[in-house]
Colleague: 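Structure in structure tokens, see below.
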Amino acid sequence: MNPANVSPPVTLAKHGDVAVITIDNPPVNVLSHAVRSGLLECLSQAVADADIRAVVIICAGRTFIAGADITEFGKPPQSPSLLEVVATLDDCPKPIFAALHGTALGGGLETALACRYRIGLKTARIGLPEVHLGLIPGAGGTQRLPRVAGLNNALEMITSGRHVGAEEALAMGAIDEVVNGDDLLAAAIDFSRRTLAQGNLRSRTSELELEDSADNQDIVSTWKKRVSKKARGQESPLVALEAISQSIKLPFAEGLLKERELFLGCMGSAQSRALRHIFFAERAAAKLPDSIPNTPTDIKSAAVIGGGTMGRGIAMCFANKNIPVTVVEMQQEQLDLALRAIDKTYAKMSSSGRISEQQHRQRMALISGSCDHSSLARVDVVIEAVFEKLEVKHAIFSSLDKHCKPEAILATNTSYLDIEAIASAVGDPSRVLGMHFFSPAHIMKLLEVVRTGQTSTVAISSMMKLGKILGKRSVLVGNGFGFAANRMYSAYGREGQQMLLEGVTPTQLDQAMKNWGMAMGPAAVLDMSGIDIGYNARKQNPNPPADPSYFRPADLLAEQGYFGRKTGRGFYRYDPTTGKAQEDPEIIELIRAEAQRLNVTPVELPESEIQKRMVGAIATEGEAILTEGIATRASDLDVIWVNGYGFPRWRGGPMHYASEQGD
Ligand code: 3H9
């Protein structure tokens, strides 16, 4: 071996007649400027060396190249560009073999596609996730992947951004061999020698013919319909489709030019700025503020108090990540009910193919039940998820204080109660905090970790780490009525309720927000989650606003027993057989009469005004939350909305959106 250091993140080593180029640019080997120039430099050495017959590109650390360096986007470009790099790879007179592990994504996969051959570990995954950043592959991916994996596969992978496992990639032709074992380098060198020995090298990717089928145009048209339906306002999947469709019409070089033009258009778009913002916002939210040392304890076992909907979902979160969990109920009957319900949910997931039957059994085996707090003596964390009554929670925490080990962390899943008041039941309140999951807890990504003024830094860092292990987007917030998420949602809801009094119908309100990109309209959400829940929560607000029209439509409905779907009537009327929502003229009239009583003047509101007022209300409340120190970063509030409330990701969250509007 003759190692020759070229530039720090990229090195070349000779293994006989095979040159091995290793990229080592932690944490995920992105194609930053130094990597691009290092790659070209190493490649030119390998080409110039007469002893070398083949080149292997491999990465150190946890993954093959995860893509272009997103932090370089929007800055003046530095040569060599990634396009130059992949063109050089594609054009190389000696065959190049990409050796994949971890996740070969975006520009990383494009680099591999420009190589003649690709092999990967069994655990490797590949993908072109650029659409999630409001982009399209911009280094040949839209032209090379169809040539390598077929048009259908390329359309599916690129427009969805889906990561594909090694076996599937092999089946579609995107990689050439799956490595058994874990010595990727040895396997890549061996594969390159076998290939050389066979002779008859495959053509360069740019010279591969796209399977010429009369059906190609039909395939594109079918995908266009599918993608338009799914995109719901997001532009990049359709732009990606447009770029891929060029691969069936144009020679490679011209297709590449078209891809470039479309890529640059995306790069300057507001949607891409928003999506890149949320990418970094989610990663920033997971980090502790500098003032909190990262000294987490390991959570090896957990308990959930309460086997209702939330408790069941939270228990599943633990079991899904292999952490044993005890569900605690007051009576055996309730406990059996909860465990049966969890089993049924897993059975459904297994029959729909989301988990295997074995995973179903393994997860159920991790969940035990108890009606006695003395069984919690050894658990590392307890999450209380009973109904929202301070006295009840107080009694539970006082009992936990007696039965749990002193270092156990005691968390409440309350949505709005004062956590310091709950913690006062415990001798050491520094081990108490909020773990606010969103329903259904085993599906929703968002988790608010709520610290009080007394919560210890160990408890905070442990729960932020646990959130990550559970696969959640955790956001650290402070204690205050509704914390950050529900408080902002309440401001949004309040604005909607005000507009209902001003004469906007529930259908108009919901349609306006759906057209804006929200997953559901606010009136439909209230009907789905239960109008009584917010009604009861407002009753417990220690400082309710003096405004007589505050949430009046919702409270009026709750007072009449119209709680939404579960009572067959709320802002809409629900068909008892089909469950389909219908506009309800009586409810509209009821609200109109209430508005008259409150002297609210009816107005005609265009859809754009409804949208502006709704989103403006969130951002204004967000500013207040930041000023009061309930949250520390505006971007954390964006993470909350995108992951908890169906805010369109491509709008970047309410705070980002407001800042882009100059509000
Ligand atoms: C592209 O390639 C365009 C081309 O088609 C054309 C160009 C001309 N850039 O997520 P993690 C950072 S577009 C810069 O916590 P994980 C990340 O911010 C790109 N930084 O780890 C974090 O930093 P910090 C297409 C990046 O193990 C750290 O790495 N590629 C990038 O949970 C660790 O990240 C993608 O869209 C990047 N591209 O997940 C892939 N990627 O520690 C985007 C990551 O300071 N990346 N960082 O917070 C991912 O999906 C995940 O990061 C990955 C690892 C799955 C790789």
Side-chain angles (χ1 to χ4, degrees), residues 28-31 57 59 63-70 73 81-83 85-86 89-90 98 100-115 118 120 124-166 168-175 205-206 208 210 219-220 223-224 226-227 230-231 234-248 252 255-256 258-267 269 271-272 275-276 279 649-650:
V28 293
N29 289 314
V30 292
L31 288 154
I57 297 182
C59 289
T63 181
F64 192 75
I65 306 163
D69 185 347
I70 311 170
F73 291 176
S81 70
L82 185 54
L83 266 182
V85 173
V86 291
L89 294 171
D90 193 282
L100 315 179
H101 76 292
T103 43
L105 299 177
L109 179 57
E110 291 175 298
T111 301
L113 287 170
C115 300
R118 289 154 292 284
R125 301 183 73 75
I126 64 166
L128 291 172
E130 282 87 342
V131 290
H132 298 315
L133 298 170
L135 300 170
I136 65 166
T142 65
Q143 306 303 299
R144 284 194 177 87
L145 191 61
R147 285 175 161 79
V148 163
L151 185 60
N152 239 321
N153 289 325
L155 281 162
E156 193 274 324
M157 271 181 73
I158 298 175
T159 59
S160 70
R162 185 170 74 92
H163 299 186
V164 167
E168 192 181 347
L170 179 73
M172 62 172 72
I175 65 174
T205 316
S206 60
L208 292 175
L210 184 71
I219 293 175
V220 171
W223 273 99
K224 191 163 184 176
R226 219 175 273 173
V227 174
K230 255 184 86 182
Q234 194 186 339
E235 293 154 2
S236 54
L238 279 161
V239 182
L241 183 133
E242 167 64 18
I244 302 161
S245 73
Q246 302 302 321
S247 68
I248 60 172
F252 181 80
L256 212 55
K258 187 69 193 169
E259 176 195 88
R260 187 79 199 145
E261 183 193 319
L262 293 169
F263 172 81
L264 291 175
C266 285
M267 179 68 99
S269 69
Q271 289 202 359
S272 180
L275 284 161
R276 282 180 272 143
F279 176 87
R649 207 177 162 80
W650 50 268

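Counting from 1, the numbers follow the sequence of the chain as shown.
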Colleague: Looking at Ala166 and Ile175, what are the two nearest heavy atoms and their distance?
Modeller: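 That closest heavy-atom pairing would be O-CD1, 3.5 Å.
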Colleague: Distance-only, no hydrogens or angles: does the His132 side chain make a donor-acceptor pair with backbone N or O of Ser160 under 3.5 Å?
Modeller: yes
Colleague: Are Leu275 and Phe279 side-chain neighbours, meaning at least one heavy-atom pair lies under 4.5 Å?
Modeller: no
Colleague: What is the minimum heavy-atom distance between His163 and Arg125, and which atoms define it?
Modeller: O-NH2, 3.2 Å
Colleague: Would you call Arg260 and Leu264 a side-chain contact if the rule is heavy atoms closer than 4.5 Å?
Modeller: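 In short, these two side chains touch, coming nearer than 4.5 Å.
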Colleague: Enter the distance from Arg649:CZ to Leu133:CG here, rounded to the nearest 0.5 Å.
Modeller: 8.5 Å
Colleague: Are Leu89 and Ile57 side-chain neighbours, meaning at least one heavy-atom pair lies under 4.5 Å?
Modeller: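 Result yes, sub-4.5 Å side-chain heavy-atom pair found.
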Colleague: Out of Glu130, Glu242, Glu259, which residue meets the side chain to side chain donor-acceptor pair (under 3.5 Å) rule with Thr142?
Modeller: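 Result for side chain to side chain donor-acceptor pair (under 3.5 Å) with Thr142: Glu259.
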Colleague: Counting distance only, does the side-chain N/O of Glu235 pair as donor-acceptor with the main-chain N or O of Gln271 below 3.5 Å?
Modeller: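 It does not hold such a pair.
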Colleague: List for me each residue that meets side chain to side chain donor-acceptor pair (under 3.5 Å) alongside Ser206, sequence neighbours excluded, and say none if there are none.
Modeller: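 In terms of side chain to side chain donor-acceptor pair (under 3.5 Å), with neighbours along the sequence ignored, Ser206 is linked to Asp90.
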Colleague: Grab the two heavy atoms, one from Gly134 and one from Ser269, that are nearest each other, plus how far apart they are.
Modeller: O-OG, 4.3 Å
Colleague: Does anything in residues 102-111 form a side chain to side chain donor-acceptor pair (under 3.5 Å)? List the pairs, not counting sequence neighbours.
Modeller: Thr63-Thr103
Colleague: Could you walk me through whether Leu241 and Leu155 pass the side-chain contact (heavy atoms from CB on, under 4.5 Å) test, one step at a time?
Modeller: CA-CA 7 Å; Leu241 183 133; Leu155 281 162; 4.0 Å; yes
Colleague: Tell me, do Glu156 and Met172 make a side-chain contact under 4.5 Å, heavy atoms counted?
Modeller: no
Colleague: Drop me the distance from Trp223's CH2 to Ile244's CD1, to the nearest 0.5 angstrom.
Modeller: 9.5 Å
Colleague: Quick one: closest heavy-atom pair of Leu128 and Gly106, and the distance?
Modeller: CD2-O, 3.5 Å
Colleague: Any chance you could measure Ser247, atom OG, to Leu151, atom CG, to the nearest 0.5 Å?
Modeller: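 So the gap between those two atoms works out to 6.0 Å.
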Colleague: Has the side chain of Thr205 got a donor or acceptor atom that lies under 3.5 Å from a matching backbone atom of Leu113?
Modeller: yes
Colleague: Less than 4.5 Å apart, side chain to side chain, heavy atoms only: is that true for Val148 and Arg118?
Modeller: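 Yes - at least one pair of side-chain heavy atoms lies under 4.5 Å apart.
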Colleague: Rounded to the nearest 0.5 Å, how far does CG of Leu31 lie from CG of Leu82?
Modeller: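 CG of Leu31 is found 5.5 Å from CG of Leu82.
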Colleague: Return the CZ to CG distance between Phe263 and Leu135, rounded to the nearest 0.5 Å.
Modeller: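 If we round to the nearest 0.5 Å, Phe263:CZ and Leu135:CG are 5.5 Å apart.
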Colleague: Specify the closest pair of heavy atoms between Cys59 and Asn29, including all atoms of both residues, with the distance to one decimal.
Modeller: CB-ND2, 3.5 Å
Colleague: Rounded to the nearest 0.5 Å, how far apart are OG of Ser236 and CD1 of Ile158?
Modeller: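 Going from OG on Ser236 over to CD1 on Ile158, the span is 12.0 Å.
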Colleague: Holding to side-chain contact (heavy atoms from CB on, under 4.5 Å), I want the full list of residues that pass it with Ile126, two or more places apart in sequence or in another chain.
Modeller: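 Ile126 satisfies side-chain contact (heavy atoms from CB on, under 4.5 Å) with Leu100, Ala104, Leu109, Met157, Val164, Ala169, Ala174 once adjacent residues are dropped.
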Colleague: Which pair of non-hydrogen atoms, one from Met267 and one from Phe73, has the smallest distance, and what is that distance?
Modeller: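 Minimum heavy-atom separation between Met267 and Phe73: CE-CG, 3.5 Å.
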